[in-house]
There are 2 protein chains.
Amino acid sequence: MERIYAEYFIETPFPLEKAAATLAGEQSSGTFVPVPGETEELKARFAARVELIEALEVVSTPSIPSEKLAPGKYQQARVRVSWSIENFGYNLPTLISTLQGNLYELTQFTGLKLMDLEVPDSYATHFRGPKFGVEGCRRLTGVEGRPLIGTIIKPSIGMAPADTAEIVKALVEAGIDFIKDDELMSSSANSPFAERVSAIMAVINECAERTGKKVMYAFNVSDELDAMLRNYETVVKAGGTCAMVSLNSVGLAGAKKICDQGALAIHGHRNGWGMMNRHPLLGIEFPAYQKLWRLAGVDQIHVNGIDNKFWESDDSVVRSMEACGKPLLGGYSVLPVVSSGQWGGQAFETYRRVPTVDLLYMAGGGIMGHPGGPSDGVRALQQAWNGAVSGLSLEETADAYPEFGASVEKFGKK
Amino acid sequence: MERIYAEYFIETPFPLEKAAATLAGEQSSGTFVPVPGETEELKARFAARVELIEALEVVSTPSIPSEKLAPGKYQQARVRVSWSIENFGYNLPTLISTLQGNLYELTQFTGLKLMDLEVPDSYATHFRGPKFGVEGCRRLTGVEGRPLIGTIIKPSIGMAPADTAEIVKALVEAGIDFIKDDELMSSSANSPFAERVSAIMAVINECAERTGKKVMYAFNVSDELDAMLRNYETVVKAGGTCAMVSLNSVGLAGAKKICDQGALAIHGHRNGWGMMNRHPLLGIEFPAYQKLWRLAGVDQIHVNGIDNKFWESDDSVVRSMEACGKPLLGGYSVLPVVSSGQWGGQAFETYRRVPTVDLLYMAGGGIMGHPGGPSDGVRALQQAWNGAVSGLSLEETADAYPEFGASVEKFGKK
C-alpha cells in the first residue's frame, strides 16, 4: 500500500524515540490512554510509522519558550514519519491535518517544523496540478528564453480604475510581461473589482490586438467562494489570463476550487507566510508548503527574493527557488515569483545561485520609482537579466546599458 | 466612515513610532520608495492609521531569532492600528491579508502577534454568523442548564463503520449529548464517509425515535470543496445535525461556504492552531482568531481545556473561553469546545475560572477508558459538572458519586 512520508525538524526534552512515537501516535490513534477496539491488526494497517530518527544538536533553552518548561536538555533531531494512504486518500485538507494538525501543541515538543513531504505516485491520478505552470505562463505572455518581468500596482489602495489603467498603459507600452494587484486590493470603495478589470483589460486587449503581445495581469480575486467565482468569471469574460489568490487567507479548499476552473493561470500569493515560517523551529518549510499548493493547482508561487526587504535570508530564498524547480510526481511545473525590494541589481546573485531563467521577476518601486519613469524601469530589469545571463557583472551591465545604470545610481547605493 | 481596529503585540529594534508607521504603511501602501500617484488625499482616505502605541518591556535578545540581527535593544509594545472599511469591504480573506499578511516578514519586527480585532457594526448586515450557536446547539441536543457532554471516537483511524456504530450505540445509551469524528478521520479505506454516516445515524435516529433525544454527531466533512458539499448533503439526508470542519486545513473561504449552507451546526476544529499561536510573539491570539470564525459562521470552536495534555497554560485557555462568551456585534454566539486530556476532574477548576455551563465538555479516553465502561464514563462527567456547579469540591463529588469516584481513582492520581 502506498505511503506518504513527512520529514520534521523537532526539539524535545524527552528521549527521542519516545517523542517520535508520540508524534506518530497522536497523528493516527490520538488519545492518552489505551482504548478498547485498538487491535494490533488495526495498528499495523493504519498507525503512522517512525521511519528515521537522526539526533542533531542539544540545546539548553527550549527554542519555543513555555511556562511549563525550565532550562534543561533539549534534543534537536530530524524525524521521518510515514502514513498509509488508506488513512485519508486524496483529501488535501485531511492530509494537512495529519501532517500538521495537533502536533504543534504537544508538550513533547519545544519546536516542530514540517520540512518536506513525499506523496505517492497515485496522487498524479487525482490531482491535475498546475494547468499552466512555467510553459503555460510563457505561452500566455509570449516570453521565451528570459525571466518574465513583472510589477505590482502601487499604491496598493486608493487609486480609481482609470488611474490604475493609466499606469497599466505606461507599463504595457514599456514592454512589461506581467502586472499584479496588491494583495490588499480586491474590491475597494473607489476601485470595484469589475470596473478595475474592465478598465485594465481595455488597455491590455488594445495593446494585444495591436502588437500581438498580451500582458498577463493577475487580478486579486481573493474573497469568499461565490464572490471569487464571480470575480474569476469577470476576468475570463474580459479576456484576462490570470487570477491572483491569497493562498493562506483564502485557504486550501477555496483556492483549489479556483484552480480547478482551469481557464486562468493562478498567481499564488503567500502573504501570512511569515507566521508559519519565520521561527526556525515552528511551522512549515517552503519545500513542503509549495508541494501542497502545486497539488492544489497553483501555477505561480511567491518565493521572496535575494537581498529582500523582509527577514528571510538569501539561503532560504535559494532553497525555495530550487524547490519550485524540482519536478513533483514528474511534473506539476510551477513558476517561482521573485519579489520584495527587487530592482534589477539582484539579478546577478539570483542567477549565480539559481542558474535558470524560469522565473517571474517582480519589482514594484524598482520599476515605478525609476528616475526615467516606468518605461526605463522595465528596460532596466530586462537589461539586468541580459547582463546576468551573459556573464556580465553588475558594474559591466551598468556601463553597457544607461537605463540599468540609472537604476544602480538610484537603488544600488545603500 | 467605519473603521476596523486591530491590536498587535510587537517587538522591534527600531524606534517604536517608526516601526508602527512601517506596519501601517506596508498594509495600505506597501513599497519601499515613494511612488507617483500616492497623493495626500488618497493617503487620508485609505492609509492605515496608528491609533495607539504603548511601550512595554525592553529585552536584549530578539524573541524570534534571525540571522540578520545581533543582540541589542528590542522594545516590546502594544500597538493599535485602524483601517477604513472602504479598503476591503466585507471580504474576510482580504481582511486577513490586511491584518496579518506580510507583517510577519518585516525586518522591523522581531516579534508580532495579532491580539484582537474590532469590526464595525455594518458587518452584522453582511455576515449572518453562527446559525445555531449556544442556543441552537442546546435545542438540537435537548440539553439545558448544564454543559453538553461529548466524546471523540478513538482510535481515530482504523475502525470500520459497524465497529464505530457499536461504540456510538454504547455512548448513546449511556446518555451522551455529542460525539465527534477525529480530525484525522474523514473518509478512510475501511470507513468511507457515506457508510460511516449511514451506520452511525441508524443508531442515533433509532434512539431519537425511542427516547426523543437525538445525539449530535459531528461528522468530519473536511475535504476539497465539492467533496465537502457532498459530505454535508449526506449528513443532512441521514438526519444528522452537525458537521465538523478542520478550520485551518480547509481555510476560510471553504469553511464559510459550508457554514453558509445553514442546515447543520458547524463544529470548528482548530487543529494546526499551535503553529499560529504557540510562540508568545508570533501569530495570532485566540480572541482575534475566534472572531474571524464567528463571522464566517462557525457554531462551536475548540478552546483546549484546563490542565490539558498540550503546551497551553490554563490562563490562556481561560482567556479563550471568556472570548467565546463575549458577544460579537451584539450576538454571534459560539459554543466553546473544551477538550484535551479532560476526564471530569477539571470541571471544578473550569467552572471556578469561567462560571458558565455554556460549553461543550469533551473527554476521549476519559469516557472510553473509564473502568466501568463508556456508560459510567458519561455518568462520571455529568456528576463532575453537577458537583462543580453545586459548589462541591472534587473530593466531595467523588464521595457522593461512585462513577466519578472511579474516574478519580483512574485518572486523578498523577
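All values below were derived from every heavy atom in this structure, side-chain atoms included, with hydrogens, water molecules and symmetry-related copies excluded. Given the structure is predicted, the values throughout are model-derived calculations rather than measurements. Residue numbering restarts at 1 for every chain, and letters A, B, ... go by the order of the sequence lines.
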Heavy-atom contact with chain A under 4.5 Å, split by part of Ser187(B):
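Just its backbone gets close to chain A.
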
Under 4.5 Å from a heavy atom of chain A, the part of Met1(B) involved
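Answer is neither: Met1(B) stays 4.5 Å or more from chain A.
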
Quick one: of [options], who has the most non-hydrogen atom pairs under 4.5 Å with chain A?
| options | result |
| --- | --- |
| Phe310(B), Phe88(B), Trp83(B) | Phe310(B) |
| Thr94(B), Val250(B), Ile64(B), Ile96(B) | Val250(B) |
| Ser246(B), Ser186(B), Ala255(B), Pro280(B) | Ser186(B) |
| Glu312(B), Met228(B), Arg270(B), His279(B) | His279(B) |
| Ala253(B), Gly254(B), Ala47(B), Ser63(B) | Ala253(B) |
| Ser84(B), Pro374(B), Gly251(B) | Gly251(B) |

Could you have a look at [options] and say which one has the most heavy-atom pairs with chain B under 4.5 angstrom?
| options | answer |
| --- | --- |
| Leu247(A), Leu225(A), Leu92(A) | Leu225(A) |
| Tyr104(A), Phe109(A), Tyr90(A) | Tyr104(A) |
| Arg278(A), Lys257(A), Glu166(A) | Arg278(A) |
| Asn102(A), Thr110(A), Thr98(A), Leu112(A) | Asn102(A) |
| Ile284(A), Asn304(A), Asp226(A) | Asp226(A) |
| Gly89(A), Gly283(A), Ser222(A), Ser97(A) | Ser97(A) |

Does anything in residues 91-100 of chain A pair up under salt bridge (charged side-chain N to carboxylate O under 4.0 Å, His left out), and if so which pairs, sequence neighbours excluded?
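Non-adjacent pairs meeting salt bridge (charged side-chain N to carboxylate O under 4.0 Å, His left out): zero.
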
Decide yes or no on side-chain hydrogen bond (donor to acceptor under 3.5 Å, both in side chains) for Asp315(A) and Ser313(A), but give the supporting numbers first.
CA-CA 5 Å; Asp315(A) 286 350; Ser313(A) 71; 5.3 Å; no

Do the non-hydrogen side-chain atoms of Gln100(A) and Ser249(B) ever get within less than 4.5 Å of each other?
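With C-beta onward as the side chain, the pair stays apart.
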
Step by step, would you call Asn190(A) with Glu86(B) a side chain to side chain contact (heavy atoms under 4.5 Å, CB included)?
CA-CA 8 Å; Asn190(A) 72 337; Glu86(B) 289 200 303; over 6 Å; no

Does any backbone or side-chain atom of Leu106(A) lie under 4.5 Å from a heavy atom of chain B? Answer side chain, backbone, both or neither.
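Contact with chain B: backbone and side chain both.
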
Dump the intermediate steps for side chain to side chain contact (heavy atoms under 4.5 Å, CB included) on Ser191(A) and Met159(A), then the final yes or no.
CA-CA 7 Å; Ser191(A) 188; Met159(A) 283 195 294; over 6 Å; no

Using the ring pair (Phe, Tyr, Trp, His ring centres under 6.0 Å) criterion, which residues pair with Tyr232(B)? Sequence neighbours excluded.
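With sequence neighbours excluded, Tyr232(B) shows a ring pair (Phe, Tyr, Trp, His ring centres under 6.0 Å) to no residue whatsoever.
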
Begin with the C-alpha distance, continue with both residues' side-chain angles, and end with the deciding distance and a verdict on side chain to side chain contact (heavy atoms under 4.5 Å, CB included) for Leu184(A) and Asn87(B).
CA-CA 8 Å; Leu184(A) 302 177; Asn87(B) 291 28; over 6 Å; no

Taking the six-membered ring for Trp, is the centroid-to-centroid distance between Tyr289(B) and Trp273(B) below 6.0 Å?
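Yes, ring centres under 6.0 Å apart.
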
